[in-house]
Amino acid sequence: MKLKSLFALAAATIAAAAFVTSCDDADNDFHQFYWQGTHNNNALIVYADQTEDSINVTSTDTWTYTCESDWMQMSVNGKPAPDTLVVRKGYIDRSRATFTFTPNTTGQERTASFTLTNPTKHIGSFSPVFTQKPYLNISLPVYDSTTGTFTLKNINSEGLYSATTKDGVTLTAKPVITFTVYADGAELTGFDDCDWLTHTLSPADIRKNVLCTDTLKVSRNTTGHQRSVTLTLKSNGVSTPITVVQN
């Protein structure tokens with residue numbers, strides 16, 4: 001009896017597993033074919049300035065890969081899609097599939113798929129989808145999907161970020177902006193146009209693929225009314241505005 005098994009890691013926010021078997025009049029045989037995102041990116045989300053990512057593919061069988069996109073290219077072991085990766089019988093191959101992207105300057109979210117195919121019966125194909133956001137990877141302030149903006153609010157008149165816990169306790173701290181860029185030469189601008197806001201992060205402190213934290217120094221607001229300024233994070237030809245509001 002021949003036993004064919006499939007473990008598939010699905011491209012979702014968490015990795016899911018699938019298991020399929022079939023039988024015929026032959027010796028037992030084990031088949032495995034799955035992919036997994038690197039950098040904990042199983043959701044395959046990339047940002048507007050990002051130009052590369054990768055996944056790991058594990059297979060006991062020869063498999064093929066294709067990719068048709070005008071902004072995303074795929075290669076495995078340096079060989080661009082479409083192509084076939086040959087796996088010797090009785091071996092398990094683990095290869096890295098690399099993807100390159102053009103910066104997303106469209107202002108719109110966009111998607112592109114690729115296909116991994118294992119011809120073994122009952123295994124078939126996966127067609128995961130990359131999603132490239134139209135904005136840069138800003139952690140704080142949090143993106144507001146309703147307005148499509150990044151706004152740092154709840155800064156009191158003394159210049160401190162203020163938040164109230166569920167127990168009614170008010171906590172304050174220096175306001176910060178945190179972000180990750182994926183290209184050299186990124187900058188956070190707009191401070192020169194504001195006489196009540198300065199920051200601590202120098203251009204040399206902004207490095208690609210590193211979480212950057214910029215602590216803001218906000219002057220006391222004695223105007224009697226709310227005020228705001230719009231900063232701009234720029235990376236790889238993409239600009240994302242961040243609005244800072246003080247009460």
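To the nearest 0.5 angstrom, Thr178 atom OG1 is 9.0 Å from Ile138 atom CD1. Rounding to the nearest 0.5 Å gives a distance of 10.0 Å between CG of Asn104 and CG of Leu136. Between the CG atom of Asp83 and the CG atom of Asn77 there is a distance of 10.0 Å, given to the nearest 0.5 Å. The distance from the OG1 atom of Thr100 to the CE atom of Met72 is 9.0 Å, given to the nearest 0.5 Å. Here CD of Gln50 is found 10.5 Å from CG of Asn236. Values are rounded to the nearest 0.5 Å. For the atom pair Asn56 CG and Trp35 CH2, the distance stands at 10.5 Å (nearest 0.5 Å).
Side-chain atoms of Leu116 and Met74, non-hydrogen and from C-beta on, do get closer than 4.5 Å to each other. You'll find the side chain of Ile206 reaches within 4.5 Å of the side chain of Val181, heavy atoms only. Between Asp144 and Thr151, the closest side-chain pair of non-hydrogen atoms is not below 4.5 Å. Looking only at side-chain heavy atoms (C-beta outward), Lys234 and Thr189 come within less than 4.5 Å of each other. A 4.5 Å side-chain heavy-atom check between Val244 and Leu231 finds at least one atom pair inside the cut-off. With a 4.5 Å cut-off on side-chain heavy atoms, Ile155 and Ser162 do not count as touching. Inter-residue side-chain proximity for Thr164 and Thr170 is flagged as met; some heavy-atom pair is nearer than 4.5 Å. Looking only at side-chain heavy atoms (C-beta outward), Trp196 and Thr222 stay at 4.5 Å or farther from each other.
Under the 4.5 Å side-chain heavy-atom criterion for ILVMFWY residues, no single connected hydrophobic cluster contains both Leu152 and Leu140. Residues Leu216 and Val245 do not share a hydrophobic cluster, defined by chaining ILVMFWY side chains whose heavy atoms lie under 4.5 Å apart.
In terms of heavy atoms, Pro134 sits closest to Val238 at O-CG1, 4.3 Å. Closest approach of Thr200 to Asp205, counting heavy atoms only: O-OD2, 4.2 Å. Here the closest non-hydrogen pair linking Ile55 and Gly37 is CG2-CA, 4.0 Å. The two residues Trp71 and Thr111 come nearest to each other via the heavy atoms CZ2-C, 3.4 Å. Across all non-hydrogen atoms, the minimal contact from Leu188 to His199 is O-CE1, 4.4 Å. The shortest non-hydrogen separation linking Ser69 to Ala112 is OG-CB, 3.6 Å.
Just one of Glu158, His225, Lys153, Gln226 meets the side chain to side chain donor-acceptor pair (under 3.5 Å) condition when paired with Asn247; it is Gln226.
For Thr117, the side-chain hydrogen bond (donor to acceptor under 3.5 Å, both in side chains) criterion is met by Ser125, not counting sequence neighbours. With sequence neighbours excluded, no residue satisfies ring pair (Phe, Tyr, Trp, His ring centres under 6.0 Å) with Tyr161. Annotation: side-chain hydrogen bond (donor to acceptor under 3.5 Å, both in side chains) contacts of Thr149 (sequence neighbours excluded): Thr147. The side-chain hydrogen bond (donor to acceptor under 3.5 Å, both in side chains) check on Glu109 picks up Lys133, with sequence neighbours excluded. Qualifying ring pair (Phe, Tyr, Trp, His ring centres under 6.0 Å) partners for Tyr47, counting only residues two or more places apart in sequence or in other chains: none. Qualifying ring pair (Phe, Tyr, Trp, His ring centres under 6.0 Å) partners for Tyr135, counting only residues two or more places apart in sequence or in other chains: Tyr143, Phe150.
For Phe101 and Phe130, the ring centers are positioned less than 6.0 Å apart. For an aromatic pair to be called close, the ring centres must be under 6.0 Å apart, and Phe114 with Tyr65 fails this.
Counting non-hydrogen atoms of other residues, nucleotides and ligands closer than 6.0 Å to CD of Glu68 gives a total of 12 or fewer.
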